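The structure appears right after this line, and notes come after that.
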Amino acid sequence: PTSITTWRISLAIQFGDDPPDYNNARKAHLSLPQPLHLRVSFVDRDDRTSSLRLEQGNPPLNIPTRESRQSNFCTNGKPLLFHLFADDITTRDRSDVTIYYDECGMLTFTGCLEGSSSYCSTRLAVSKLLCLGARAKVAKKEEIVLEDTCFENSTASIRGYLVTNLESGMPYAIKVFIKTSTSTSTGYCSLPHDDIGSPTLCVEPQQMLVGDELTVQWALNRVSENDKIALYSLYGKSSIKYEYNTKAETSGFVKMKAPDTPGVYELRYYPGWLDSQNTVYRHSLHVAVATFEATAW
């Protein structure tokens, strides 16, 4: 070419929706493919052509995860007890529930509905849970609604249920149900505090060398023949190496060998009575978890 000409090209795809909020700014519209590919062609007067290919990809979504909730809510250093979420595929939002001990040591149930930037929290007093457990035994209802844990808006809802052993009237878990316009999630949180039941799962030592022996102890109010303890990498979805059947014993211990690869791991207790529950994410149906770290020599 005998000269260079600089052009500025603006391309806009307009939709009739409302302007994006802070979480959706600079992201492609849901109706467009991801990643979005565009091609701009130039033709000069001599029919010579050239093309410019563009690709637009959405940045990561700003949605709650177990890790972010741990950072937000567990300011006392204790690990959160439970986290469950449900996504709506027509939006970029997520509804989730977190159960944890707050800074005062109170068992707390916190839910956040999609489309909302605020939390709905309630403290679960032990005395109230025991009273509801006694009421459930009289009514012969294994699951009873926890009214203070029920939240909803126009697109999603959260409901909590107290799960009780009808023989003893002792509550042992909280069932959480989340529903959006396109999906549902169900999960169970064991009640581990001393007034209702002993801590359900622990491991010693919590720091060790790879290949060392560790001791895992458990204690639950309700057990079954198919209960098992499995080893995972931290937040992993597939067990790695160990699965131990607890033989329907309400408490006990087992010796295990730490993995040969350095890293942070967690042991999960899977109760057999949850096998019949209808859920997509089977790995989320553990009721207790204990973590440890294996380091290299």
Side-chain angles (χ1 to χ4, degrees), residues 61-74 78-89 91-102 106-124 129 142-153 155-164 171-193 200-201 220 222 230 232 234-239 266-271 273-291:
L61 294 177
N62 180 22
I63 54 178
T65 62
R66 184 182 183 95
E67 294 88 342
S68 66
R69 292 309 194 207
Q70 171 78 43
S71 176
N72 293 341
F73 299 142
C74 299
K78 293 184 178 181
L80 58 83
L81 301 176
F82 175 84
H83 182 254
L84 182 73
F85 64 85
D87 292 329
D88 186 340
I89 63 173
T91 72
R92 297 184 178 91
D93 295 323
R94 168 174 288 179
S95 299
D96 74 311
V97 169
T98 310
I99 300 178
Y100 58 99
Y101 287 113
D102 66 11
M106 293 290 293
L107 189 66
T108 304
F109 183 109
T110 296
C112 185
L113 296 166
E114 63 179 31
S116 174
S117 58
S118 59
Y119 308 126
C120 300
S121 295
T122 183
R123 286 178 168 177
L124 303 174
L129 296 180
E142 187 175 14
E143 296 180 2
I144 188 170
V145 176
L146 288 168
E147 298 293 346
D148 294 339
T149 64
C150 298
F151 320 117
E152 64 180 71
N153 60 19
T155 59
S157 62
I158 293 171
R159 295 182 71 84
Y161 302 83
L162 186 67
V163 188
T164 302
Y172 60 87
I174 295 174
K175 174 183 175 181
V176 179
F177 179 73
I178 307 176
K179 181 178 181 180
T180 72
S181 60
T182 61
S183 65
T184 61
S185 292
T186 303
Y188 291 79
C189 175
S190 177
L191 294 173
H193 39 83
T200 52
L201 194 65
L220 281 85
R222 179 179 176 180
Y232 289 73
L234 188 65
Y235 308 128
K237 293 185 178 181
S238 299
S239 60
E266 61 184 26
L267 290 151
R268 301 176 187 171
Y269 191 105
Y270 287 91
W273 56 269
L274 283 178
D275 284 341
S276 62
Q277 301 298 321
N278 182 16
T279 180
V280 176
Y281 301 104
R282 177 66 185 86
H283 74 273
S284 69
L285 288 180
H286 55 283
V287 297
V289 63
T291 60

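Small disclaimer: the values here were computed from a predicted structure and weren't measured. Count residues from 1 along the sequence.
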When you measure from the side chain of Thr184 to the backbone N and O of Lys179, does any donor-acceptor pair fall under 3.5 Å? no

Return the OH to CZ distance between Tyr119 and Phe151, rounded to the nearest 0.5 Å. 13.5 Å

Just how far is it from atom OH of Tyr101 to atom CG of Leu124, taken to the nearest 0.5 Å? 10.0 Å

Can you name the nearest heavy-atom pair linking Leu80 to Arg69, along with the distance? CD2-C, 4.0 Å

Side chains of Val176 and Thr149: closer than 4.5 Å at any heavy-atom pair? no

How many angstroms lie between atom CD of Glu142 and atom OG1 of Thr164, to the nearest 0.5 angstrom? 8.0 Å

Gln70 (side chain) donor-acceptor with Lys78 (main chain) under 3.5 angstrom: yes

Report the residues that fulfil side chain to side chain donor-acceptor pair (under 3.5 Å) with Thr122, sequence neighbours left out, ordered by chain and then residue number. none

Least distance between heavy atoms, Gly115 atom then Asp93 atom: N-OD2, 3.5 Å

Closest approach of Pro64 and His83, non-hydrogen atoms and distance? O-CE1, 4.5 Å

How close do Ile158 and Cys112 get, counting heavy atoms only, and between which atoms? CD1-N, 4.0 Å

d(Asp88 CG, Thr155 OG1) to nearest 0.5 Å is 6.5 Å

For Leu129 and Pro171, the nearest pair of non-hydrogen atoms, with its separation, is O-CG, 3.6 Å

Residues in side chain to side chain donor-acceptor pair (under 3.5 Å) contact with Arg94, at least two apart in sequence or another chain: Asp87

First locate atom OG1 of Thr180, then atom CG of Leu113, and finally report the distance between them rounded to the nearest 0.5 Å. 10.5 Å

Would you check if Leu107 and Leu191 make a side-chain contact, meaning some heavy-atom pair closer than 4.5 Å? yes

Could you tell me which residues satisfy salt bridge (Lys or Arg N to Asp or Glu O under 4.0 Å) with Arg159, sequence neighbours excluded, listed by chain and number? none

Which heavy atom of Pro79 sits nearest to which heavy atom of Cys74, and what is that distance? C-SG, 4.2 Å

Nearest-0.5 Å distance, CZ of residue Phe177 to SG of residue Cys150: 11.5 Å

Ring pair (Phe, Tyr, Trp, His ring centres under 6.0 Å) with Tyr100: which residues, sequence neighbours excluded? Phe73

Applying side chain to side chain donor-acceptor pair (under 3.5 Å) to Asn72 and not counting sequence neighbours gives none

For Thr65, check side chain to side chain donor-acceptor pair (under 3.5 Å) against everything at least two apart and list the hits. Glu67, Ser68

